[in-house]
Every structure is written in structure tokens, then in C-alpha cells.
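Notes for the one structure printed next.
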Amino acid sequence: MSNQKKRNFQIDAFKHRVVVDPKYADKTWKILEHAIHEIYNHNASGLSFEELYRNAYNMVLHKFGEKLYNGLVATMTSHLKEISKSTEAAQGDSFLEELNRKWNDHNKALQMIRDILMYMDRTYIPSVHKTPVHELGLNLWRDTIIHSSKIQARLQNTLLELVQRERTGEVIDRGLMRNIVKMLMDLGSSVYQEDFEKPFLEVSAEFYSCESQKFIECCDCGDYLKKAEKRLNEEIERVTHYLDSKSEVKITNVVEKEMIANHMLRLVHMENSGLVNMLLDDKFEDMGRMYNLFRRVPDGLSTIREVMTSHLRETGKQLVSDPERLKDPVEFVQCLLDEKDKYDSIISNAFNNDKAFQNALNSSFEYFINLNARSPEFISLFVDDKLRKGLKGVSEEDVEIILDKVMMLFRYLQEKDVFEKYYKQHLAKRLLSGKTVSDDAERSLIVKLKTECGYQFTSKLEGMFTDMKTSQDTMQGFYASHLELGDGPTLVVQVLTTGSWPTQPGVTCNLPAEMSALCEKFRSYYLGTHTGRRLSWQTNMGTADIKATFGKGQKHELNVSTYQMCVLMLFNNDDRLGYKEIEQATEIPTADLKRCLQSMACVKGKNVLRKEPMSKDIGEEDAFFVNDKFTSKFYKVKIGTVVAQKESEPEKQETRQRVEEDRKPQIEAAIVRIMKSRRVLDHNNIIAEVTKQLQSRFLANPTEIKKRIESLIERDFLERDSVDRKLYRYLA
Amino acid sequence: MKIPKDKVRFNVGGRIFETSSTTLANSGRNSFFGALFNENWTLKQPNNDSSSNCEFFIDRSPDCFSVLLDLLRTGDLSIPPNIPERQLYREASFYGLLDHVRSAKWAQFDGNRLRHSRSVKGQAPGDGTAIRAGPDGGCCVAHGSVVHVFDWTMEEHPPLNLDYQRVNDVGWVDSESIIVSTCEKLGRGDGGMGLFSKSTGELRFKFQVCHENQVKSFAAGALSTSSDYKIFSSCKGRSNEYGIGVWDQVTGKQIDFFYESPGWSLGDADKLQWLNGSNCLMVATSFPRTDNCYISMLDFRDKRMVWSWSDFGAPITVDEKRVRDAIAMEDNNAICVVNEYEDLGFMDLRMNGGSVRWSSRSRMMKGKPSEESCCPRLALHEGQLFSSMDDCISVFCGPDWVLTSGLRRSYGGSICDFSIGGDRLFALHSEENVFDVWETPPPPIS
């Protein structure tokens, strides 16, 4: 056998591998390719879906998936290139419409193609990790059309120009805009962002930067804010009409930055129309707009707050240091309340009841109220005024409102103990003179103080009320057991617990004989029912009603103080009395006597006495007569004492001193409490903790705390550490 | 009575079928019928040719069509004996109804209703290492250096290998991709870890470990994946790259490495479990270089071991309870462990340094484990706990983990691994190279 023959000899495999006719694949693909062409040419109605589906299925089944896929890519690309050309050719305004129409066509075609090639999409594509048909169609559209050199820039410019035209007031076809933008979004968020959103934001920033510059030169603050708000709303509306909702934050950020953040300080401080002017003129609407716009930008609200705070502090400072205002405490407090009301309504009407603003308001008030050391006294005087007369005929709710406002001012006080001191004095006067208008109002205020500062703060005040009540019972008991006292003068005694009341150390005077006898009876009655008590008379705090008949027979009932009563009773026996004689007979302290004589001899309409010589002041050599010519249209005449309502300078010093004196034991108690629990503590920490503990009553002075510590060391409550002198130890 | 408006007439391979578009709507959009109809389920291409009597021709087998039409009508699949299953599946694939067939074959997984569906025998020599259920009802089995892949019909796909190195673990990334971890081949950089395509068997990525900017060869052990597209594997490198490697599923690039600290085993771990809720990886080492067991929870965000437990230094008790497998139960804030006698133990994840609370329970089987028995394994599925011992799998339910079912097939010897997924349970036996498929049967008719 020759070699050649050998070569020809072959052993065939038992079974031939089944090979599909290669022409079969080409043929099938031709059918499908034709179908795709027909679909793009709007001729799909002549196609048989079943046949096409089956053909695609067979190609995949017979391992021609790749050929099918590549064919699809090539055919679709060539169609898209044609579309690209015809779109490019579109003139002027019809460009977008043409693009939109082609896009809709492409989407419909893509849906049909995907239906035909569904089997490939489902089985072949996942197994080889290729792009599914629908996504492929979008990608090809993006690459061949949207990103083609002749379309990309033109599309971008057209869209941006339309937006610009809309901003200048023209009406544009929003439906078309929406469709085109939707197309960009369908092609993937990155396409939308790169091809539209980014340049859109850049152009917008430039536009608003120019516009805001123009506005700020020619508008006042209120108008500018109105314009900014309008622009902002326009952009938000634009987003809802034809942009991706995610763009809203981005475009509003641009407007906020360009129109608000960049001009914030200039707007706030704008002359004649800035925030301060708005505050002065109560321009709620403008301030509300400013608040809503500024809250959108970083530091916006804090800028408003700072301006408001500094303005408020400045006006507040002027208010509390204005000497004119200091003349009338009631007026002074009313001014504070009015100022507070004004800002409360600004914050609730314009600043959305913002907590941070309320805090700023509170801290400002706290700042300037405490600038004036007399604020506690004035506030107490204000209450006194209201409770004496101001609340007559006012409904219960209104009383509550006024009391609440007072409490609010009280909260701002740092020296609450000073307020307590004054309040006690004023309350005592009100109670003893029976001048208080409403018991309910008094108690209501005490309850409020109690919730604010705890029961220690008000226990003495409540004690005063209890004393008043017990005294009533005591007097009933006294008269019940002394029936023989039916005629003659009536004695009303109020037994005051020492300590609860702001008593002055026992200044007594000589009472008229008939009174002192009665007093003695009461003393023995009282000491008889209560053992182990001491009773001393506070004649400086009493009042009396006496009947008097004047020269022409006119009768009057005079309401006077105890001192005045003593003086008047002297005139039962004498017509003329010298100052010295009166002083000797009554032993009333000089200052008080002068004051009470002044009130009876020098005040028009109340001058039951006549003085020689006639002058305003009381001299040691003056002589006094009963004023026979006294007339009054009232039967009852109330003769007040000339009392400086405000404290005089020395009295003020005295009160201050007493307050300081009272603070000492409180500071010491706080130090001991703290050291008892801590055992060892350094100086700075003690100061801090004591200040914190006492905050609700007053602001403790560090030097005073230091003095108290020294004092406690002297008394062996504490000792200094032998090594570290800054450390204190508690000695049990 | 009128003829229903939605009547549709098909001519399938010469036989006429009449049905309604409502019935066909059950097939969904992503099917042959979905493409045939428009959004309102009326025929897209009305055949105006009156002679064909409005019928729609399909060039397919009428027998199978009738079965599938019945499936669309009733939701039940009943295959007549004269139709081979493979043929039916082929037709279902044509119409895009494979998912319908699959979900009609077996119901949602319930450990207490499982029935043995079939046993699959393989040709590979030697013992199986691991079996993993795929998300769509298929599975893959690691045998020596080869991984066999089965789809849900138990048709075998091309087997996978990574340089024919011994396979340590396999896992599914998604229904199309499988990761394989293998031993390394000394000095040649072979082995390690690879990601394969299920259908074609091709290697898509080979994962690398970099140590001080140098690529190192390594042996990969246990695998886990997370929902944020990460792959975790325990690694043993050539020069101390012991620890847990982290790779990105999409790019295949290494993104992190957790080096093990001295005296603590991570690189030898034989179980990894990603915990979604706490963003932690549980790493359990039961057969490490030393004879101790280590379980730890790793937080990769701040490279911290947030919880750990070890039996190192614990006194050896009489019955010597050694942890053999562990599983974290996030909902219960606990880790469940099992010992070689199939006792379950629990640890509290909320406190560190606790001890195992072993639960005494009625066992299916008492007595000494036989010589060739395999180590017990644990799995958790929808609040049901599974543990394998010898040739039986026990099912535990409820807050106290009461034993509720036992799954046993005497054929194939003891179970060396099992896995739950795609509403199926696969149990790999140590002998005879066989694995069992367990399914929940479809619910009874009303």
C-alpha cells in the first residue's frame, strides 16, 4: 500500500456529530434582521410574532446565540445612526420635537424586538453575562445619538436656553421639556446628571449671582426677600414640572447660596430696612420671610438671632438704665413686660416659635434685667401696685395672665432672695393694712413662687397668711371672753410670728391710756391661752379708725396709722401742742413722727391739723392745732403716711446689707452639704458647686464663698489639706 | 349566554386549544404569552383573516402545551406518564414558564413537612467535602478537586476546578456564579479562590491576596458572602497572611484583610457567617492547629473583634463536650453550637466572656457515635434550626428549640454536609457518593 492510500484511509467515528447547516443560521438571522428593519420602518403589522419568536429560539437552541446578539447590536446601531442623521438635520425649534418623536419610536421598536428575542434575553444573555436587550437598546441610543458630537452640545444648549427663556418670563413647551428630560433619566442617572443637571446648575448659579447683585443694589431688604422667595418657588415648581425630583435640593441650594447666603450680612444690616428696622416696626411678614429663607442656608438663623439679641440687649440696657424710667417702678416693669410681649409676638408670628430664638430672648432679658440691681425691688413693687389697686374689676383669667407675666420676669432675676425680701415687706404692709384686693390673687402668686423655687422660698410667706387667719380667731375668742368690752374702743390685734414677718426691732410708743389698758387685757388673755410666749407690740405697723368732730360740727371717721392715732388723741385735751411736747408724750421715733405729722398737717385735703408756721417741712419749734376748717366730701377720710414708695438710699443699703447677711448661712449650709458628700474637694470645684446649688435663689459671689470657707475652717468644719493647700477636707 | 370576550384560540402543532386571555395572564409579562398580548391582555396582532377563524398558530408540541395550559389554569403541575419531564421543561423554557413549573413542583420550605424527593448518585471517587444549595433549586457538590454543578432539574452542568487543587469550600454568589476555595499549590501560585459561571463553567475571576503590596499565593478555607456584594474567606498564606480576606463580588478585587492576632485562630476557620443586622462576620474555628475551638465576631468597619469565645484553658469535663460547629442566630442574639454527641449549646451574643449553656434534650438516637461517623453540622432557616448527626437530620423549632422532626434515609451512610436553599434541602452522604434532595410537597387541594 502506498503512502497516499494510507492517508486516505480513515476510521470514521461511529456516530457523526450533528452539525446544523451553517446556512441555516444565516437564513434565520436574515428573517429576524428583516423583521427588525420592518419594525423600525413602522411595518410591523405584517410580521408573525410566533414565527420570529420561534426563529430566535431556534438560533439560541442551536448555539447561535452569539451570532444573534452581535447581529442585533449591528442592526440596531445602523438604524440609530440613520436616526441620528435625520435628527441632526432638523432645523431650529423642531430639533427637540424630532428627537422626542424618534425616541418614542425607538422605545416602541425596542419593546417589540425584546418580545421577539425574549428567549435569548432570558437564557443566553445571563449565562454569558451580556447586556439585556432593553438595556442594550438604551445604551446604543445614548452612545449613537445623545453622545454624538453633533447632537450632544446642541441638545444641552437647547435645553438650557429654554430654561433661560422661561426664567425671563416666556412660555415654553413644558410637556416637550419633560419628555426630553425623562429620556435622559431613562438613559441612566449619570446621563441626566452629566448632560443636563451639571451644566444646568452652573448656568443657574451664574444667572442668580448676576440677578442678586442687581437686586441688592436697587431693592430694600423686604423687596429683595420677596424676589428671592419668588425665584425659589419658581425653581421648585420647575422641578415638579419637568426635572428629576432629586434635582430639587441641588437647584434650591444654588438659589439659596447665590441669593441668600452670599448676601446674608448685607441684607440683615441693610440701612433703613434691615432686621433692626423690621423689629422696630413689627414687620411680621418680612421677618417671617427672612426666617424661612435664612433657615435654608448654614448660619442663616444664627445670623438673625445674633442681630436680634444684640439689638434687644442694647434697647434693654437703655431701658433699665434710663433715669426717667427709674422714677416710677410700675412704669418700669410695665415697659419690660411690653418689650417682652412685643418679642414674644415677633417670635410666634415671624420666627415659627423657634426654640433657639426663645432661648436667645430669655438670655437677653436675663442679661439686662440684672444690669439694674433694683429690678427685684421694682418687680415686687409692681406686684404690690397690682395687688393693691390694679386688679380691681379685672377678671380672674386676666389676673392670672398678669401674674404669669410677673413670674416670667421673676425667672430672669438672678437675685431671687432680694426679691423675696422686698416681697415680704410689701406683702406684710398689704396684709396688715388690709389693702390687698384679692386673697385668691395673693395665694395664686405664692403658689407660682412655690412651684418655681420650692417650698422654703414661700414657707414664711405662707406663715404670714396663717398668722392673719389665727389672729382673727384669737380676736373672736378675746371678745367672747370679755363681754364687758362692748362699749369703748375696739382693739384688733394681729399676732405675728417672729421670723415670718419683716419686723423692726421693738420700737414702741406710748399708747393713749384707754388703748394701753385694752392692750394689757389682751396681753393677759393671750398669754393665758398660750404658754411660753412673748408678746411685743409693733406699734409702727398698726392702723386705727377714729371719730372726730371738727369746728363746724362736721363729723368724720379718720383712718390713720397707730402713730397718727397717738398724736391725734393728744388733741382731745389740748388745742395747741408743740413738736417737743408731742414727741415727749408719744415717744415716737423722730423720723416716724415727722413723717406722720407731715401727712396730717401738710397734705391738702387730709390736713386735719394746722401747723405754724405753714411750711412743707416739720421743724422742732413748730406748733400744731386742730384744723377746725377741715372739710371733706367723704365721711371716711383715709390719711396716709408720707412714705417713700421706693426705698430711700440708706434704706436700700440696709436691705442690701440684710440680704448679704442672710446669704451667709445659706452659703455655709451649701458648702457643708457638698463637703459632707464629697469629703475632699478643691477650691474651684467648691465654688462651682455652691454657685450651682444656690443658682435658683441668687448668684453667689466667689469672694463671699471664699470668706465663708475661711469661717468654716475657723470653726473646725473644714480643714486645708496639709500637702495641697488648694484641697479642703470635711471634718466630721 | 354570550361567548366570553376574552376567548383565545390556539393552533398548537395542529391541535386546537381554546382558552382565555385571563388564564394566559397568569404567565406574566416576561413570557411568550406576555409578549403576545398588550398591556390589557388582548391580542396584539388581531388576525383579521376570517378563514383562519381567529386562531393563533404555534409550532410546538401539543401534548406539553396542554400540560402547561393546565398549569396556568390551576397552578398545579400534573405530568402524564407519557411525557418525559425533560421534554416538558424544554417546552416550559420555550414559553418562559420554567419558573412556574419550578414553583409548582414543590412548595415553600418548611422543615417539618419535608419529603425525600430523590437521591442523586455521582461518579466522582472519594468522599464529598461540601454541598451548597443554589438560590434557584440547584446545588453544587465539592468532591476532591472538582466541583459538580446541578441545576434544579438535577441536570449536571460542566464541572468546575481551580488548577485541580483540593477544594475546601464552595458557595453561590448568585444563581449564575459559584465561588470555589482550594488549597494552594506550593511555589506555583496555583489554587486559592475563583469565581465561576454556572452555565458555562468558565473561570471569571481568580482572587488574589496582597501582603505589603506583593501578591501572595494562599490557601482559601471557609467562604461567606454579604448582601453588600462582598466575599469573605479564611486564608492561610505563605508568609503569615493568616486571617480573613475580603473581596468585591463585582470587580473581584481584594478590599480588606483582617490579620489574626497571636494566640487566636482566624485563618484556619471552617465556618464563616455574615450577619446583616449587626454588620459583623462570625468566624468559627473548630479543628484548628491546636485542639481548641475559637469563635469570634469581627467588625470590619473599625477592624475590631467585637465578641469572642474560646474553650482554651477550659477544664475538660467527663463527657468532654467539644464544639464541632457553630451558627449565629441574630434574632435570638445567640450563637448555637453542637458537639460530637449532637448536644446543642447556646451562648449569649450580648455579653462577652460567657460560657456555653448546654441543653439536655431528647435525642433521636442515643449511644456512642460509630467509628465512621461525621461531625455534626448546623443550619438555620426561617427560625428553624437543623443539625445533622450520622445519617439523620434533626429539626428544632420554637423559642426553646424543641425537636420537631427527623429526616433520615438509610442509604449512603452518615451525612457529612447539608445545605438549605431554593426551598430545598440537600444532604451529602459520606459513602456511595450520593446526595439526597428534600422538598416540601405542594399544599393539598383546599
Side-chain angles (χ1 to χ4, degrees), chain A residues 18 24 27-28 31-32 35-36 38-39 42-66 68-69 72 104 107-137, chain B residues 10-13 27-39 43-49 52 55-61 65 89-99 135-136 149 151 157-158 173-178 195-205 249-250 252:
Chain A
V18 180
Y24 159 81
K27 231 162 62 194
T28 318
I31 297 171
L32 289 166
I36 293 172
E38 293 293 274
I39 287 170
H42 306 284
N43 263 338
S45 57
L47 302 171
S48 158
F49 168 75
E50 191 272 345
E51 183 192 351
L52 297 171
Y53 185 97
R54 173 158 38 87
N55 281 326
Y57 168 83
N58 282 332
M59 279 190 81
V60 174
L61 195 67
H62 295 120
K63 309 278 179 239
F64 292 109
E66 193 173 353
L68 180 59
Y69 190 86
L72 170 70
N104 287 336
N107 261 328
K108 276 183 204 142
L110 192 57
Q111 183 57 43
M112 285 191 211
I113 293 170
R114 142 92 215 182
D115 281 348
I116 294 167
L117 303 182
M118 187 185 281
Y119 190 80
M120 173 183 84
D121 213 18
R122 207 169 44 225
T123 56
Y124 171 74
I125 285 174
S127 72
V128 292
H129 301 280
K130 287 193 195 245
T131 316
V133 174
H134 186 76
E135 206 184 324
L136 175 75
Chain B
F10 285 112
N11 175 347
V12 184
S27 60
R29 275 281 149 222
N30 204 6
S31 70
F32 178 88
F33 303 110
L36 199 56
F37 289 80
N38 67 14
E39 276 83 59
L43 271 180
K44 259 184 197 165
Q45 297 153 305
N47 210 332
N48 292 328
D49 193 353
S52 65
E55 67 184 38
F56 193 92
F57 176 73
I58 305 174
D59 184 14
R60 301 301 295 185
S61 140
F65 187 84
Y89 297 155
R90 172 65 78 199
E91 289 302 301
S93 163
F94 173 85
Y95 296 109
L97 296 174
L98 261 186
D99 288 337
D136 60 356
V149 182
D151 66 17
H157 283 251
V173 171
D174 53 52
S175 55
E176 274 298 327
S177 318
I178 295 171
L195 183 76
F196 293 86
S197 164
K198 177 197 89 173
S199 342
T200 60
E202 66 173 331
L203 175 65
R204 288 179 47 213
F205 308 121
Q249 285 178 13
V250 182

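Lettering follows sequence order; numbering is per chain, from 1. Quantities reported herein were computed from a predicted structural model and do not represent experimental measurements.
Looking at B:F32, the atoms closer than 4.5 Å to chain A (heavy atoms on both sides) sit in the backbone and in the side chain alike. Interface residue B:R60: only side-chain heavy atoms are found under 4.5 Å from chain A.
Heavy atoms from other residues, nucleotides or ligands lying under 6.0 Å from CD of B:E202 number more than 12.
Scanning both residues, B:S31 and A:R122, for their nearest heavy atoms gives CA-NH1, 4.0 Å. Between A:L61 and B:R90, the shortest heavy-atom contact is CD1-NH1, 3.3 Å. Of all heavy-atom pairs spanning A:S127 and B:S197, the tightest one is O-OG, 3.6 Å.
The CZ atom of B:F57 sits 14.5 Å away from atom CZ of A:F49, with the distance rounded to the nearest 0.5 Å. Distance CG/A:N58 to CZ/B:F94: 8.0 Å, rounded to 0.5 Å. Interatomic distance, A:D115 CG to B:L36 CG, rounded to the nearest 0.5 Å: 9.0 Å.
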Exercise for the section: Evaluate side-chain hydrogen bond (donor to acceptor under 3.5 Å, both in side chains) for A:Y119 paired with B:S93, printing each intermediate quantity in order. Expected result: CA-CA 8 Å; A:Y119 190 80; B:S93 163; 2.9 Å; yes

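Judged purely by atom type and a 3.5 angstrom limit, A:E50 has no side-chain atom pairing as donor or acceptor with the backbone of B:F56.
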